[in-house]
Structure formats: C-alpha cells, structure tokens
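Hydrogens, waters and symmetry mates play no part in the numbers below; they use all other heavy atoms, side chains included. Each residue takes its place number in the sequence, starting with 1.
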Amino acid sequence: METAYAPAWQAGLLVMSKTRRSTRKRRRGAGKNGGQEHTGGASLTGLDRLLDRYLVLLLFLALISLTLLSAETPLLTSLLGLILCVTGMVQRRGNVDLWVLIPLISYQVFSVISFCMAYNGASTGMIADFISAQAFYPVLYLLMAFLDKGERLWLKRLCLLWTGCVAGLGLIQFMLRALDGRAARLDGVFGNPNAMGAFLVIGWLVLQTCLPEREEDGRRFWLALEPLLLAVLALTLSMGSFVSMAVGVLVLILSQARGGTWRDAMAFACDLLARAGFGMGLGVLMYTAARRSGQPWLCIPLAVYLLAAMLFWHSFRAFLEDFPKAAAAMTALGALVAVAVILSRPSSIATFQERLAMMRNGFSYLTVHPLWGLGPYHWRVYNYLDSDLYFNTYHIHNVPLHIGVELGLPAMAMAVTVLVRRFLKKSEPGHIAGFTAFVVHNLIDTSFFYTGITAMTLMTVAEPGNRGRELPALAIRLIFAGYAALFAVYFLFGLGLI
C-alpha cells in the first residue's frame, strides 16, 4: 500500500510547488498593475495563500516534531525525514551557501565512516539514532534556501511562537511541581535545564530583531513573549545559558555602537539589560518562593504578576524609553539578580571546574584515532576504562572537541568551517547574537546534540541564501535522494528488518 501511494504523494507535492511558483508570478504581476491582482477575474484565495507558504508550515511542524520527539523514536523520526526529503526533491532551484552545505554533508559522511570503523553490535541502536538525528541539519539548511525574505520572516516568527509555547509549558510544569513540593530547576520539554535555557536564550535574542514596527501588525503580542521567555529562562538556573546570553547581549550592544554613537549604545544597553533583569528577576523570585520559602504556593501570585507584566510589557518598554535614568538604575539593580542566581546554585563553580577536567580528558583522545575518531558514543567507554575521573555523561561539554574525539579531526574541521563561515556573513545584529550565543553555549555544553535546538538555530539565524549561489535542480534532487535513502534505512532499522 505504501508503494502504491508514494507516486500520488510526490505528485501532490509537485502540484503545491507549482502553485507556489504561479502564485508568486501572479503577485509580481499584481505589483506591476498598481497593486491589483487579477487571476482570471478571481482574487487570491485563502487556499492559495496557504499553499504559497506550505514549505514554511512544513518546516515549522518539523521544528515542533524535532523538539518533542527523541532520537529513540526511529519510525516517527525517519518518516519526518522522508517527508522533508520528498518535499525537497520537488523543488526547482535555490540559493544556498556551499561553504556551509558541503561541510555539513561532509560532516555527515565522516559520521557514517566513524560508525563503520567503530562498529559494535551492542551500540548499533544508539549510533543509528545519532546519525539520523544529525542528518536533519543539512536537509533543513537546504530547504531553507527555497524560502524568500518574507517567508523567512514568517518562519522566524513561527519559531518564536513555538518558543513561547515551550516557555509556557515549562512555566506550567514548574508550577505543578512546586505545588506538589517537588520544585527544582526547570528542564521543560527537553528534559534538561541547560538545553531548555539555550533554547530560550536563542529565541529571546532573535526576538530583538524581528518585532513588527506597527501596533496593527500585532507588535504587542510579540512584545508580551519577552517577559515570559526571561522568567522561564531564570527558572532553569542554567549558568551556561546565562553566559551565552551575556555574550549575545554584548554582541547586540557592540552592533548598536558601530551603527551609532556610544551614547546611543549605552542607552540601548541600559534599556535591554533593565528588561532582562526585570524578567529574570521575576523568575528568580518564583524559584526562591517555590524552593526556599517553605510555602510553595507563594509562586502563584508571582505567576499572576508575570501574566500582568506580559499584558503591560509594551507600557513598561515605553517607560524605559521615556525615562533612561530609570533604565540605568534598573540595570544596576540587575547585578542583584546575578548574585541571587549564583547563590541559588552554589555548585555551579564546581560544575564548571568538572567540565574543564572533562575537556582535558577529551584532548588526550584526539590523537588516538585522528581520522575517524573513537566512534559515536565511545568516548564514555574510554573514559570509564581510563584512570581519569569518570564523568558519567555521553558527551564532552565542548561540542567541537567532542566531534574531534568521536568522529575524527576531519569532521571537527568541517564543523569549525561552518562556524567560521557563518561569522563572516553580514546580517541582522539579533541573528549574529543568536548564533554567537549558540556557539558559546556549545563550547561549554552540548545543545548541538539536541535536534530541536539546532533546528531552531538553523531556521532563525543560519541564512543559507546569504552569500549563496544557485544550485541546479539535479544536484538538489541527488542530495535529497541520498538523505531519503539514509532515512529509509533508519526506518527499516526501526521496524527491526535490519
């Protein structure tokens, strides 16, 4: 039955692709006719507009799926990959940066080589999960190349909407646990506080540069997401996320200074830090009330206050703009929030020292198998058997180093190439800040291996068309066909056939 329906599915996607292109032509024609669009006497229907953005909707649904699905769900994960690949195969041409796409594909090839060289029947399942999860990155990057500027803005705002949903679910989770007497660091849908924090940091930084300018475009709605993201971020008490956020904020301030005067930059910094300190301070109060007061119900009025802050956040921002001295004073008080965070996690310094020791241990394995590495998930075994401290984790908390240790120095070189290439591109300050925060977090943590976080980063700040070149249709189809074959093998693996 699946074989019989496959051609019809592909034909349907091809029809949607043609509809999408024809709609764009009609819109361009409408622009030439004074803004009046004529399509045989009928105006553009809602269905046409929906089909015109079907790729945006598909990528958005893929982000939701990759955030919620774990790598241990091979059937669902492989089907999602197949859908994305079939969609890509019916596309025509797109501008993509080959200095990013080729290293991403090469990284995938080196992952497969490392898997083959370190094959072990006992760890086959975990390694297959790892390879399939990493395969989404070049597929998503290439699909992004088929979006125009307006569609990319739509996708970014949808990603921010999903970030707000994740934050809202996290807040509910924290409240329920607190009222049950089990208040702890918020791990959210990722099951890990550090991953949850990284996701929220990237979303908050991207939010700074894609807000609508006019009130009638829903500006107040998007502004209301900011205090929610900041408060829930504070509930994670993720020091790595806070450090990456600080670096991202510094990038925003320096970008503002390059585009204007230092006086304007300082005013911008005080306004930004005042908002961040207020939102995160509210989150710290909620955590303290639930965890340390002995009366966990006290977090309920604070949650109500957070909702009120969301409703009137636009007025708060206007107040900070009208009274810059108040913004400066709130920025100074923000230092108290930082102190409160450190006091809430006194073990954070010891954790950071342990990660440094973990990195030193990883460096000692870089030259064991420099070409193909130890193999996916094999560093943990080597660490268990050596005389060093056993860290009881699957990943070295420095992603480039971890890639070099487990997948080999060539794979590490490909990953670094992607990072350097992205930093060489000129783009919106919020995009640079978001990507910088993502990189900094991965130098001290492992958010790259959370598919939902990396997918969100690709969809919001990667910009594949920036400094890209047109890729012919044949090359596009061959790339997607290759990844479709990989996902098909993973699907058969999920069925237990291989």
Colleague: Does the side chain of V90 reach to within under 4.5 Å of the side chain of R477, using non-hydrogen atoms?
Modeller: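 Not touching, per the 4.5 Å side-chain cut-off.
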
Colleague: Considering residues at least two apart in sequence or located in another chain, which fulfil the side-chain hydrogen bond (donor to acceptor under 3.5 Å, both in side chains) criterion with N192?
Modeller: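 Partners of N192 by the side-chain hydrogen bond (donor to acceptor under 3.5 Å, both in side chains) criterion, ordered by chain and then number, come out as Y450.
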
Colleague: Say whether, by atom type as modelled, one donor and one acceptor occur between the side chain of T446 and the main chain of F449 under 3.5 angstrom.
Modeller: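 No, because the side chain of T446 does not come within donor-acceptor range (under 3.5 Å) of the backbone of F449.
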
Colleague: Please check this pair: side chain of S244 against backbone of V440, looking for a donor-acceptor N/O pair closer than 3.5 Å.
Modeller: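 Checking the backbone N and O of V440 against the side chain of S244, no donor-acceptor pair under 3.5 Å is found.
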
Colleague: Restricting to non-hydrogen atoms, name the atom on S111 and the atom on L407 that form the minimum distance, rounded to 0.1 Å.
Modeller: OG-CD1, 3.5 Å

Colleague: Can you list every ring-ring contact (aromatic ring centres under 6.0 Å, His included) pair that touches residues 414-435, not counting sequence neighbours?
Modeller: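 Qualifying pairs: F423-F435.
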
Colleague: Looking only at heavy atoms, what is the nearest atom pair of W379 and E406, with distance?
Modeller: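 Closest heavy-atom pair between W379 and E406: N-OE2, 3.0 Å.
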
Colleague: Would you please name every residue forming a side-chain hydrogen bond (donor to acceptor under 3.5 Å, both in side chains) with E470, sequence neighbours left out?
Modeller: R93

Colleague: Do you see a donor-acceptor pair shorter than 3.5 Å between the side chains of T460 and R152?
Modeller: no

Colleague: Which atom pair, heavy atoms only, marks the closest approach of V418 to P103?
Modeller: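 Distance-wise, the nearest heavy atoms are CG2-CB, 3.7 Å.
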
Colleague: For a quick test of reading the model, state the closest non-hydrogen atom pair linking M196 to V232 and the distance between them.
Modeller: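 For M196 versus V232, the nearest heavy atoms are CE-CG1, 4.1 Å.
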
Colleague: How would you list all residue pairs meeting ring-ring contact (aromatic ring centres under 6.0 Å, His included) that involve residues 176-195, not counting sequence neighbours?
Modeller: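 Qualifying pairs: F190-F199.
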
Colleague: Does CG in L75 sit with more than 12 non-hydrogen atoms of other residues, nucleotides or ligands closer than 6.0 Å?
Modeller: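 Yes - once you tally the heavy atoms of other residues, nucleotides and ligands closer than 6.0 Å, there are more than 12.
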
Colleague: Verify, without hydrogens or angle tests, whether Q108 (side chain) and L104 (backbone) share a donor-acceptor contact under 3.5 angstrom.
Modeller: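 Between the backbone of L104 and the side chain of Q108 there is no qualifying donor-acceptor contact (under 3.5 Å).
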
Colleague: State whether the side chain of Q91 and the backbone N or O of G88 hold a donor-acceptor pair below 3.5 Å, judged by distance alone.
Modeller: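 Between the backbone of G88 and the side chain of Q91 there is no qualifying donor-acceptor contact (under 3.5 Å).
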
Colleague: Does the N466 side chain pair with the main chain of K426, one donor and one acceptor, at a distance under 3.5 Å?
Modeller: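 Here the side-chain-to-backbone pair exists.
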
Colleague: Look only at the side chain of T454 and the backbone of T451, and say whether a donor-acceptor pair between them is shorter than 3.5 Å.
Modeller: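 Side chain of T454 to backbone of T451: no pair is present.
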
Colleague: Within the structure provided, determine whether R467 and L424 are in side-chain contact (heavy-atom separation under 4.5 Å).
Modeller: yes

Colleague: Mind checking whether L401 and H397 have side chains closer than 4.5 Å, heavy atoms only?
Modeller: no

Colleague: Can R177 and D187 be counted as an ion pair, charged N to O under 4.0 angstrom?
Modeller: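 Salt bridge: yes.
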
Colleague: Taking atom types as modelled and ignoring hydrogens, do the side chains of Y365 and D386 form a donor-acceptor contact shorter than 3.5 angstrom?
Modeller: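 Yes - a donor-acceptor pair under 3.5 Å links their side chains.
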
Colleague: Strictly distance-based, threshold 3.5 Å: is any side-chain N or O of N442 a donor or acceptor partner for the main-chain N or O of F448?
Modeller: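 Side chain of N442 to backbone of F448, a donor-acceptor pair under 3.5 Å: yes, one is there.
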
Colleague: Measuring only between side-chain heavy atoms, which start at C-beta, is L61 closer than 4.5 Å to L80?
Modeller: no

Colleague: List the atom of G203, the atom of L229, and the distance in Å for their closest heavy-atom pair.
Modeller: C-CD1, 4.3 Å

Colleague: Looking only at heavy atoms, what is the nearest atom pair of A437 and V201, with distance?
Modeller: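 Heavy-atom minimum between the residues: CB-CG1, 4.0 Å.
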
Colleague: Verify, without hydrogens or angle tests, whether S114 (side chain) and W372 (backbone) share a donor-acceptor contact under 3.5 angstrom.
Modeller: yes

Colleague: Is D445 salt-bridged to R355, going by a charged N under 4.0 Å from an acidic O?
Modeller: yes

Colleague: May I ask you to say whether K425 pairs ionically with D97, meaning some side-chain N is under 4.0 Å from a carboxylate O?
Modeller: yes

Colleague: Do we see a donor-acceptor contact under 3.5 Å between the side chains of H441 and S447?
Modeller: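 Present: a donor and an acceptor within the cut-off.
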
Colleague: Could you measure the distance from the CE atom of M239 to the CG atom of L237? Nearest 0.5 Å is fine.
Modeller: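 One finds 6.0 Å between CE of M239 and CG of L237.
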
Colleague: Pairs under 3.5 angstrom only: tabulate donor-acceptor contacts from the side chains of residues 160-167 to other protein residues two or more places apart or in another chain.
Modeller:
from: W162; atom 1: NE1; to: T67; atom 2: OG1; distance (Å): 3.2
from: T163; atom 1: OG1; to: C159; atom 2: O; distance (Å): 2.8

Colleague: Show, in sequence, the C-alpha distance, side-chain angles and deciding distance for S427 and R422, and conclude whether the side chain to side chain donor-acceptor pair (under 3.5 Å) test is met.
Modeller: CA-CA 10 Å; S427 60; R422 179 60 187 89; 3.1 Å; yes

Colleague: What's the separation between atom CE in M456 and atom CG in L63, rounded to the nearest 0.5 Å?
Modeller: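 It is 7.0 Å, given to the nearest 0.5 Å.
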
Colleague: Using the ring-ring contact (aromatic ring centres under 6.0 Å, His included) rule, collect all pairs that involve residues 80-105, keeping only residues at least two apart or in two chains.
Modeller: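 Pairs touching residues 80-105 that pass the test: none.
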
Colleague: Taking atom types as modelled and ignoring hydrogens, do the side chains of R380 and Y390 form a donor-acceptor contact shorter than 3.5 angstrom?
Modeller: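 Judged by distance alone, the side chains do pair up.
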
Colleague: Heavy-atom distance under 4.5 Å between the side chains of R469 and V96, does that happen here?
Modeller: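 A side-chain contact under 4.5 Å is absent here.
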
Colleague: So does E226 pair up with R275, basic N to acidic O under 4.0 Å?
Modeller: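 A salt bridge is present here (some side-chain N lies under 4.0 Å from a carboxylate O).
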
Colleague: Taking H378 for the side chain and P376 for the main chain, is one N or O donor matched with an acceptor at less than 3.5 Å?
Modeller: yes

Colleague: Can any side-chain N or O of Y483 pair as donor or acceptor with the backbone N or O of L478 at less than 3.5 Å?
Modeller: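 Not at all, since once roles are kept as given, no pair shorter than 3.5 Å links the two residues.
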
